[in-house]
Amino acid sequence: MTALSVLFVLFAAMGLFGAVMVLVARNPVHSVLFMLSAFVSVAGMFVLMQAEFVAVLQVLVYSGAILVLFLFVIMLLARSERPIPALSQPLQAPVAITVGLMLAVEIGLVVLTGAVDRGVSGPDTPQAIAAVGGNVEALGRQLYTTWLLPFEVASVLLLVAAIGAIYLAKEEL
Amino acid sequence: MSPPLEWYLLFSAALFSIGLVGVLVRRHVLIIFMSVELMLNACNVALVAFGRHLNTLTGQNFVVFVVTVAAAEAAVGLGLILALSRHKDTVDVGEMDILKH
């Protein structure tokens, strides 16, 4: 096992543990904190895949913004002393776990039986990326040339989402 | 040498399945929402892994947009949850049934 493989196993264990604990934890605040561990380990995986920009984005947007938003909403909802609902209805848990296991086994079989295409290679080899100056530079070039229109549409989407969130969350306008 | 593509895909599949189980098994609306975010993250891992395997940055570009949409979705979704909890004092999805009556 190389050092990168050891790191991968560490991140995978941390991520899956965090993800499972999100579901198991009774307190929503604990769920958010376990979610943080899952998100950070996914960011570590992005670094292992030489996707540094996406890794930073993951930490900034997911861990930094979205989880803080979740914490705020949990604390807003907690003002009235309601009991947190029970884990599930009687038959819900076994059925859900069966469905989840089936999905995992199906995807695992597809991956392991070699349905993944091999021998196809795009233009962005590690050498080409290094020639441009690195992952961030290469990604920025594509984002502002090939994907310029989707990029602008995404900014409009964010504006609409911000207005919509304010409208929905405000007590009265 | 970085781990092979299959490892990342298996991790992604496991994460996605955990998210799916979370959506199905929990009744707290925020936990369900968090599970959806977990599934989005699993897809991001698969996208980046395939992009690296096929020597293309399109996967990473896609992840940038997925993160944007996830942020928008989180803002609007949490706004909806707040509005809903004001309207009906509960976080249990089993009790959010006003469309039924």
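Any value given below was found using the heavy atoms of this structure, including those in side chains, with hydrogens, waters and symmetry copies removed. Every chain is numbered from 1, with letters handed out A, B, ... down the list of sequences. Since we're looking at a predicted model, the values are computed, not measured.
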(message) Can you confirm whether A:I66 sits close enough to B:E37 that some side-chain heavy atom of one is under 4.5 Å from a side-chain heavy atom of the other?
(response) yes
(message) Has B:R26 got a side-chain atom pairing as donor or acceptor with A:L23's backbone, closer than 3.5 angstrom?
(response) yes
(message) Tell me the closest heavy-atom pair linking A:V9 and B:W7, and the distance in Å.
(response) CG2-CZ3, 4.4 Å
(request) Go through A:W147 and B:V64 one step at a time and tell me if the side-chain contact (heavy atoms from CB on, under 4.5 Å) criterion holds. (result) CA-CA 11 Å; A:W147 310 110; B:V64 173; over 6 Å; no
(request) Locate the shortest heavy-atom distance separating B:I31 from A:S31; write the atom from each residue and the value. (result) CD1-OG, 3.2 Å
(message) Looking at chain B, which one of A:G164, A:P123, A:P150 has the largest number of heavy-atom pairs inside 4.5 Å, strictly under?
(response) A:P150
(request) State, without any angle test, whether B:N55 and A:S121 hold a side-chain donor-acceptor pair at a distance under 3.5 Å. (result) yes
(message) According to a hydrophobic-cluster definition based on side-chain heavy atoms being under 4.5 Å apart (Ile, Leu, Val, Met, Phe, Trp, Tyr only), do A:M49 and A:V6 belong together?
(response) yes
(message) Taking A:K170's backbone N and O only, do any of them form a donor-acceptor pair with B:R86's side chain (distance below 3.5 Å, no angle check)?
(response) yes
(message) Restricting to non-hydrogen atoms, name the atom on B:V25 and the atom on A:A93 that form the minimum distance, rounded to 0.1 Å.
(response) CG2-CA, 3.5 Å
(request) Side chain from CB out, backbone as N, CA, C, O: work out which of these in A:M45 comes under 4.5 Å of a heavy atom of chain B, or both, or neither. (result) both
(message) In the structure I gave you, are the side-chain heavy atoms of A:L77 and B:L30 within less than 4.5 Å of one another anywhere?
(response) yes
(request) Could you tell me whether the side chain of B:F11 reaches within less than 4.5 Å of the side chain of A:F8, counting heavy atoms only? (result) yes
(message) Before you tell me yes or no, could you show the steps for A:Y62 and B:L40 under side-chain contact (heavy atoms from CB on, under 4.5 Å), namely the whole-Å CA-CA distance, both residues' side-chain angles and the distance that decides it to 0.1 Å?
(response) CA-CA 11 Å; A:Y62 271 109; B:L40 276 172; 3.9 Å; yes
(request) With a 4.5 Å cut-off on heavy-atom pairs, point out which of B:L15, B:V48, B:V76 contacts chain A the most. (result) B:V48
(message) Quick check on the hydrophobic clustering: are A:L60 and A:F72 connected, directly or via other members, by side-chain heavy-atom contacts under 4.5 Å?
(response) no
(message) With no hydrogens and no angle check, just 3.5 Å: does a side-chain donor-acceptor pair link B:N44 and A:Q58?
(response) no
(message) So for atom CZ, which belongs to B:F62, do other residues, nucleotides or ligands contribute more than 12 heavy atoms lying within a distance under 6.0 Å?
(response) no
(request) Over 60° means perpendicular and under 30° means parallel, so classify the ring planes of A:F151 and B:F65, tilted if in between. (result) perpendicular
(message) Heavy-atom pairs under 4.5 Å with chain A: which of B:L20, B:I81, B:V67, B:I32 has the most?
(response) B:V67
(request) Check B:L10 against A:G108 and note the closest heavy-atom contact, atom names and distance. (result) CD2-CA, 3.6 Å
(message) I'd like to verify something: which residue of A:L16, A:L7, A:L67 has the highest number of heavy-atom pairs under 4.5 Å with chain B?
(response) A:L16
(request) Please report the closest heavy-atom contact between B:A75 and A:L69, naming both atoms and the distance. (result) CA-CD2, 3.9 Å
(request) Among the options B:I18, B:N41, B:V21, B:L9, pick out the one with the most heavy-atom pairs lying under 4.5 Å from chain A. (result) B:N41
(request) Measure the shortest side-chain to side-chain distance between A:L101 and B:S17 over non-hydrogen atoms and say whether it is less than 4.5 angstrom. (result) no
(request) Using non-hydrogen atoms and a 4.5 Å limit, figure out which bit of A:V61 sits close to chain B: side chain, backbone, both or neither. (result) side chain
(request) Below 4.5 Å from any heavy atom of chain B, which atoms of A:F70 appear? Answer side chain, backbone, both or neither. (result) both
(message) On a heavy-atom basis, which atom in B:L38 and which in A:A38 lie closest, and how many Å separate them?
(response) CD2-CB, 4.2 Å
(request) Enter the distance from A:L168:CG to B:L78:CG here, rounded to the nearest 0.5 Å. (result) 10.5 Å
(request) May I have all residue pairs that pass side chain to side chain donor-acceptor pair (under 3.5 Å) and include part of residues 59-72 of chain B, sequence neighbours excluded? (result) A:N135-B:Q60, A:Q142-B:N61
(message) With rounding to the nearest 0.5 angstrom, report the CZ to CE distance, A:F39 to B:M34.
(response) 9.0 Å
(request) Is it possible for you to say whether A:L158 and B:V63 belong to one hydrophobic cluster, with membership spreading through side-chain heavy-atom contacts below 4.5 Å? (result) no
(message) I'd like to check the side chain to side chain donor-acceptor pair (under 3.5 Å) partners of B:T58; sequence neighbours left out, ordered by chain and number.
(response) B:T56
(message) Run A:V99 and B:L24 through side-chain contact (heavy atoms from CB on, under 4.5 Å) and show every step you take.
(response) CA-CA 9 Å; A:V99 170; B:L24 293 176; 4.2 Å; yes
(message) What I'd like to find out is whether the side chain of A:L48 reaches to under 4.5 Å of the side chain of B:Y8, using heavy atoms alone.
(response) yes
(message) I'd like to know which of A:V95, A:I107, A:V42 tops the heavy-atom pair count under 4.5 Å against chain B.
(response) A:V42
(request) Verify the cluster assignment for A:V29 and A:M21: are they in a single hydrophobic cluster under the rule of side-chain heavy atoms below 4.5 Å apart? (result) yes
(message) Just so I know, are the side chains of A:I129 and B:L57 near enough to count as touching, which here means a heavy-atom distance under 4.5 Å?
(response) yes
(message) Distance check, rounded to the nearest 0.5 Å: A:F46 atom CZ versus B:L47 atom CG?
(response) 8.5 Å
(request) Examine A:V156 and A:L143 and state if one hydrophobic cluster contains both, with Ile, Leu, Val, Met, Phe, Trp and Tyr joined whenever side-chain heavy atoms are less than 4.5 Å apart. (result) no
(message) Counting heavy-atom pairs closer than 4.5 Å to chain B, which one of A:L57, A:L103, A:L139 comes out on top?
(response) A:L139
(message) Quick check on B:V23 against chain A: is it the side chain, the backbone, both or neither that has a heavy atom closer than 4.5 Å?
(response) neither
(request) Go through the atoms of B:A70 and report whether side chain, backbone, both or neither lie under 4.5 Å from a heavy atom of chain A. (result) both
